[in-house]
Protein chains: 2
Amino acid sequence: MSTPGRGLHGRVLDTLGPAITAGEYPPGSILRTDELAQHFEVSRSVMREAVRVLESMHLVESRRRVGVTVRPRCEWNVYDPQVIRWRLAGADRPHQLRSLTVLRSAIEPVAAGLTARLATAEQCAELTECALGMVAHSRGHRLREYLFHDVAFHRVILSASGNEMFARLGDVVAEVLTGRTRHEVMFEDPDPAAVTLHVQVAEAVRARDAVRAEELTRQITVGALQELDILAP
Amino acid sequence: MSTPGRGLHGRVLDTLGPAITAGEYPPGSILRTDELAQHFEVSRSVMREAVRVLESMHLVESRRRVGVTVRPRCEWNVYDPQVIRWRLAGADRPHQLRSLTVLRSAIEPVAAGLTARLATAEQCAELTECALGMVAHSRGHRLREYLFHDVAFHRVILSASGNEMFARLGDVVAEVLTGRTRHEVMFEDPDPAAVTLHVQVAEAVRARDAVRAEELTRQITVGALQELDILAP
DNA sequence: TGTGACATATAAGTCTGACTTTTTGTTCCC
DNA sequence: GGGAACAAAAAGTCAGACTTATATGTCACA
């Protein structure tokens with residue numbers, strides 16, 4: 001899913017990024033470029049590039065005569081896919097997973113409503129195909145195939161909504177769904193009710209019933225919230 | 001609001017970032033580090049740092065023997081505050097404003113619902129204070145003071161929701177509200193109905209009525225959508 | 001004792017030039 | 001025509017010298 005570090009500075013980020021997002025360097029910590037460069041055995045130029053990237057993510061702030069100080073979490077660019085991946089890979093995973101699931105619960109229903117209005121015939125077909133794929137693999141421990149169609153389904157919903165901000169969350173949702181299947185809940189076959197809801201959403205979109213598509217999708221996300229013991233509306 | 005370029009590489013980004021996000025270099029365009037460095041009259045090291053930042057925003061991709069190629073918009077990190085600012089400052093402004101307003105319409109109602117459940121007494125008071133401030137300046141062309149309280153109101157809603165992803169959208173909402181007052185609609189006093197809704201939201205939160213807070217906030221965002229002639233649910 | 005100006009040390013910032021590595025496109029031979 | 005060897009191009013890396021901003025300590029003076 002994620003691209004392993006392109007170039008030397010990327011290699012550095014692959015270990016420094018997770019370390020910072022994991023809180024290994026608490027907010028206010030001061031790092032020095034030279035020391036980091038020595039520690040990672042790279043030149044200062046490479047280290048500086050890495051720091052610049054961290055800075056653009058608002059993970060750190062670089063100031064003359066002071067050093068590179070770690071910013072408090074509330075200032076981080078928490079929508080940066082890289083930051084999300086780092087956090088999902090570290091100790092922050094449960095917390096991050098909750099945040100993202102709540103975010104999903106806000107976005108996806110609205111996206112589904114827009115998709116019902118704007119989706120092309122092709123997108124409608126694609127959606128139905130995904131839903132049917134989920135049904136086809138909903139029994140007999142075919143979780144991998146089920147997940148594939150589940151991810152595709154939500155990607156289509158987000159993408160067909162016509163809103164670029166929604167569309168860009170496709171990767172995030174994929175990450176959440178994948179993670180859920182891999183580590184957390186869902187050891188057995190998926191909840192039949194959830195499968196049915198997906199089929200119904202596809203039908204609602206096909207029927208251009210925005211209100212129904214939104215409501216059904218809301219039920220899907222409520223289910224996702226409940227899986228994580230998050231109080232649902 | 002935005003921080004003007006820290007350091008030389010920041011100065012470069014201040015003109016290169018807007019240029020790219022404005023589509024001045026269409027997707028697939030190829031830039032060369034050396035040429036850019038010459039053009040901006042900076043050293044290659046500085047130019048490289050700037051490119052690294054653009055790369056971390058997924059605006060460009062740097063490959064050996066090829067150069068720095070501009071990525072298609074659908075791959076950009078559209079949630080990066082810097083990217084949002086650049087787009088809002090350029091020709092893409094109307095489109096970006098629509099995207100963000102739709103995003104708001106998804107997020108804020110859910111955030112308000114959560115805030116009604118989780119807000120501290122202090123946050124409830126702060127919210128009421130903001131709403132009253134809006135009322136106080138809703139007449140007599142005191143748009144600046146009205147805007148101040150409006151922004152503060154929505155910041156509290158997003159922040160008190162307890163979700164870091166929601167909270168981080170405070171700056172974005174502020175930008176949208178500010179932009180709306182400055183350039184677009186709202187030349188006269190704000191819509192009295194909208195003001196009333198804000199007061200009612202504050203009341204609902206104070207009363208811990210999550211459903212009502214969510215519904216009222218939805219009405220606020222529907223109003224924002226209608227202002228931009230976006231079809232409301 | 002407090003306060004302001006000044007000096008100093010420090011770490012980031014910048015520049016330059018030489019070198020390496022990867023990748024693409026071409027050429028040449030079978 | 002296809003594949004291997006070659007050459008060129010552009011990013012990538014490194015090392016060293018220099019500049020600049022600034023936090024902090026010092027000292028004189030009130």
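Letters A, B, ... are given to chains in the order of the sequence lines, protein chains preceding strands, and every chain is numbered from 1.
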J.: May I have the distance from A:Met47 (atom CE) to C:dA11 (atom C1'), rounded to whole angstrom?
T.: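 For the pair A:Met47 CE and C:dA11 C1', the rounded distance is 14 Å.
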J.: So, is A:Ser62 near the phosphate of C:dG13, with a side-chain N or O under 4.0 Å from OP1 or OP2?
T.: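 Yes, because at least one side-chain N or O of A:Ser62 sits under 4.0 Å from OP1 or OP2 of C:dG13.
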J.: Counting the atoms with a prime plus P, OP1 and OP2 as sugar-phosphate, which does A:Arg52 contact under 4.0 Å by heavy atoms, base, sugar-phosphate, or nothing?
T.: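 Sugar-phosphate, no base atom in range.
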J.: Compare the minimum distances between each of D:dC14, C:dA18, C:dA12 and the side chain of A:Val46, then state the nucleotide with the smallest one.
T.: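 Among D:dC14, C:dA18, C:dA12, the one nearest the side chain of A:Val46 is D:dC14.
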J.: Report yes if at least one side-chain N or O of B:Thr33 is closer than 4.0 Å to OP1 or OP2 of D:dA11; otherwise report no.
T.: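 For B:Thr33, the contact criterion (side-chain N or O under 4.0 Å from OP1 or OP2 of D:dA11) is met.
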J.: Whole Å only: how far is the CG atom of A:Leu8 from the P atom of C:dT21?
T.: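 Taking atom P of C:dT21 as the reference, CG of A:Leu8 is at 11 Å.
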J.: Establish whether the base of C:dA11 is bridged to the side chain of A:Arg65 by a donor-acceptor pair shorter than 3.5 Å.
T.: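 No, the side chain and the base share no sub-3.5 Å donor-acceptor pair.
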J.: Using atom NE2 of A:His9 as one end and atom P of D:dC14 as the other, report the distance to the nearest whole Å.
T.: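 To the nearest whole Å, that distance equals 13 Å.
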J.: Which nucleotide wins on minimum distance to the side chain of B:Arg48, given the candidates D:dT13, C:dA11, C:dT22?
T.: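 Per side-chain heavy atoms of B:Arg48, the pick is D:dT13.
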J.: In this structure, how many angstroms lie between the P atom of D:dA10 and the CD atom of B:Glu61, rounded?
T.: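 Atom CD in B:Glu61 sits about 17 Å away from atom P in D:dA10.
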J.: Taking CZ from A:Arg32 and P from C:dA9, how many angstroms apart are they, rounded to a whole number?
T.: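 Rounding to the nearest Å, CZ of A:Arg32 and P of C:dA9 are 18 Å apart.
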J.: Atom CZ of B:Arg11 and atom C1' of C:dG13: how far apart are they, to the nearest Å?
T.: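 Answer to the nearest Å: 12 Å.
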J.: In whole angstrom, give the distance that lies between atom CZ of B:Phe40 and atom P of C:dT14.
T.: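 Taking atom P of C:dT14 as the reference, CZ of B:Phe40 is at 15 Å.
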J.: Where is the tightest heavy-atom contact between B:Phe166 and A:Tyr79, given as atom of each residue plus distance?
T.: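 For B:Phe166 and A:Tyr79, the tightest heavy-atom pair comes out as N-OH, 4.1 Å.
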J.: If the cut-off is 4.0 Å, is B:Arg63 near the phosphate of C:dT24, judged by side-chain N/O to OP1 or OP2?
T.: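 Looking at the OP1 and OP2 atoms of C:dT24, one of them is under 4.0 Å from a side-chain N or O of B:Arg63.
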J.: Taking only side-chain N and O atoms of A:Arg64, does any of them lie within less than 4.0 angstrom of OP1 or OP2 on C:dA11?
T.: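 A:Arg64 to C:dA11 OP1/OP2: no side-chain N or O under 4.0 Å.
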J.: Using a cut-off of 6.0 Å, state whether more than 12 heavy atoms not belonging to A:Phe40 lie near its atom CZ.
T.: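 For A:Phe40, atom CZ is crowded (more than 12 foreign heavy atoms under 6.0 Å).
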J.: Roughly, in whole Å, what's the span from CG in B:Leu36 to C1' in D:dA11?
T.: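 One finds 13 Å between C1' of D:dA11 and CG of B:Leu36, rounded.
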J.: Scan side-chain atoms only and decide if A:Glu164 and B:Ser99 contain a donor-acceptor pair under the 3.5 Å cut-off.
T.: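 Their side chains do contain a donor-acceptor pair, which is all the 3.5 Å distance test asks for.
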J.: side-chain contact (heavy atoms from CB on, under 4.5 Å) with A:Val12: which of A:Val51, A:Val42, A:Val53?
T.: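 That would be A:Val42.
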J.: For A:Arg44 and B:Arg6, take the nucleotide of DNA chain D holding the closest heavy atom to each; which residue's nucleotide lies nearer the 5' end?
T.: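 The 5'-side residue here is A:Arg44.
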J.: Would you please classify the geometry between the A:Phe153 ring and the A:His198 ring as parallel, tilted or perpendicular, with 30° and 60° separating the classes?
T.: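 Correct class here is perpendicular.
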J.: What does B:Val51 touch in the nucleic acid at a heavy-atom separation under 4.0 angstrom: a base, only the sugar-phosphate, or nothing?
T.: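 If one applies the 4.0 Å heavy-atom cut-off, B:Val51 turns out to touch nothing in the nucleic acid.
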